[in-house]
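Working notes, structure below.
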Amino acid sequence: MNRLQAFKQFSDEQIVKEVLQGHKALFELIIRRYNSYLFKVGRSYGFNHADTEDLMQEAYVAAYGHLANFENRASFKTWLVKIMLHECYHKKAKFSYQKESPDPFLSESTITPMFTARSSSSDQVLVLHELKHVIENALLSIPEDFRLVFTLRELSGLNTQETADALGITPGNVKTRLNRAKGLLRSAVHKMYTPEDIFEFNLIYCDSMVEKVMQRL
């Protein structure tokens with residue numbers, strides 16, 4: 001059995017322990033496990049696909065370099081998301097991204113539309129493709145504080161306490177901001193979204209991210 005397959009069912013904490021003991025290759029499991037989470041954080045901050053990938057690499061490298069400092073006080077997922085948030089915050093501050101408009105999702109790109117593999121009906125594919133853009137643009141139109149809470153809670157599946165820990169706010173604030181975020185999104189759009197699809201880190205990019213990060217470790 002492939003060594004990575006043998007460890008695939010290990011918890012984050014078990015994998016971290018193995019990596020710290022010298023099994024660096026197992027860090028690939030962490031990368032594959034959390035690509036989607038970190039990608040959604042970067043996109044919710046308003047960064048385009050390429051910049052988000054760069055930030056993901058920096059977050060993974062920083063996490064690897066500080067694995068020994070992970071103390072299990074919060075979940076590993078929360079710890080890693082906080083590192084990604086830190087990277088996003090500092091990149092935004094450094095380059096004054098807050099004064100720029102996010103790259104439009106409707107621009108031409110080489111990214112395969114997220115919904116195209118789900119249906120053979122061209123009409124349905126078109127509708128779902130447009131829905132994806134409506135949802136993502138709607139999210140990017142609401143204030144950042146609400147957008148980040150919505151992304152972590154609704155799209156990445158963090159619970160209230162994990163979201164509070166990641167953002168450094170109280171659980172009460174998480175609930176308030178989440179309710180406000182939902183109120184700012186049109187009810188029709190909110191009812192139709194699929195959490196797994198919003199800001200999805202397409203699997204075609206996963207191998208590339210693994211290769212880039214592992215080469216840097």
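Considering only heavy atoms from C-beta on, L67 comes within 4.5 Å of W79 through its side chain. Inter-residue side-chain proximity for L167 and V174 is flagged as unmet; no heavy-atom pair is nearer than 4.5 Å. Under the 4.5 Å side-chain criterion, counting only non-hydrogen atoms from C-beta, P143 is in contact with L184. In this structure, Q14 and E18 have side chains that are not in contact, with every pair of non-hydrogen atoms separated by 4.5 Å or more. Side chains of H66 and I83 form no contact here, defined as non-hydrogen atoms less than 4.5 Å apart.
How far CD1 of I142 is from CZ of R147: 7.0 Å, rounded to the nearest 0.5 Å. The CG atom of L80 sits 7.5 Å away from atom CD1 of I30, with the distance rounded to the nearest 0.5 Å. Here the OG1 atom belonging to T170 is positioned 8.0 Å from the CZ atom belonging to R177, to the nearest 0.5 angstrom. Rounding to the nearest 0.5 Å places CG of L55 at 5.0 Å from CE of M84. Taken to the nearest 0.5 Å, the CG atom of D54 stands 11.0 Å off from the CD atom of E87. Here the CG atom belonging to L217 is positioned 11.0 Å from the CD atom belonging to E28, to the nearest 0.5 angstrom.
Ring orientation note: the planes of F27 and Y64 are nearly perpendicular, at an angle over 60° on the 30°/60° scale. F76 and F70 have perpendicular rings, their planes meeting at more than 60° on a 0 to 90° scale where under 30° would count as parallel.
Scanning all heavy atoms of the two residues, the minimum distance from C206 to R32 falls at SG-NH1, 3.7 Å. The two atoms that bring E162 and N159 nearest to each other are N-OD1, 2.7 Å, heavy atoms only. Scanning all heavy atoms of the two residues, the minimum distance from P171 to A164 falls at N-CB, 3.8 Å. T78 approaches A166 most closely through the heavy-atom pair CG2-N, 3.9 Å. L148 and S44 get closest at one heavy-atom pair: CD2-OG, 3.2 Å. Contact between G42 and T52 at its shortest, heavy atoms only, is C-OG1, 3.6 Å.
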Working for side chain to side chain contact (heavy atoms under 4.5 Å, CB included), residues V149 and I169: CA-CA 10 Å; V149 167; I169 58 180; 4.3 Å; yes
E58 vs H86, side chain to side chain contact (heavy atoms under 4.5 Å, CB included): CA-CA, chis, key distance, verdict: CA-CA 10 Å; E58 295 305 321; H86 176 83; over 6 Å; no
Under the side chain to side chain contact (heavy atoms under 4.5 Å, CB included) rule, what do K182 and F146 come out as? Steps first, then yes or no, please. CA-CA 9 Å; K182 290 179 178 179; F146 303 130; over 6 Å; no
Determine, stepwise, if the pair L85 / Y45 fulfils side chain to side chain contact (heavy atoms under 4.5 Å, CB included). CA-CA 9 Å; L85 287 167; Y45 240 99; 3.9 Å; yes
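Between the Y60 side chain and the I31 main chain, a donor and an acceptor come within less than 3.5 Å of each other. With S208 contributing its side chain and Y205 its backbone, the two residues share no donor-acceptor pair below 3.5 Å. Under a 3.5 Å cut-off, the side chain of R43 and the backbone N or O of F47 do form a donor-acceptor pair. Using a distance-only test at 3.5 Å, with no hydrogens or angles considered, a donor-acceptor pair links the side chain of K40 to the main chain of L155.
With sequence neighbours left out, the salt bridge (Lys or Arg N to Asp or Glu O under 4.0 Å) criterion links D12 to R33. Taking K212 as the reference, E53 meet the salt bridge (Lys or Arg N to Asp or Glu O under 4.0 Å) condition, with sequence neighbours excluded.
Around NZ of K77, the count of heavy atoms belonging to other residues, nucleotides or ligands within 6.0 Å exceeds 12.
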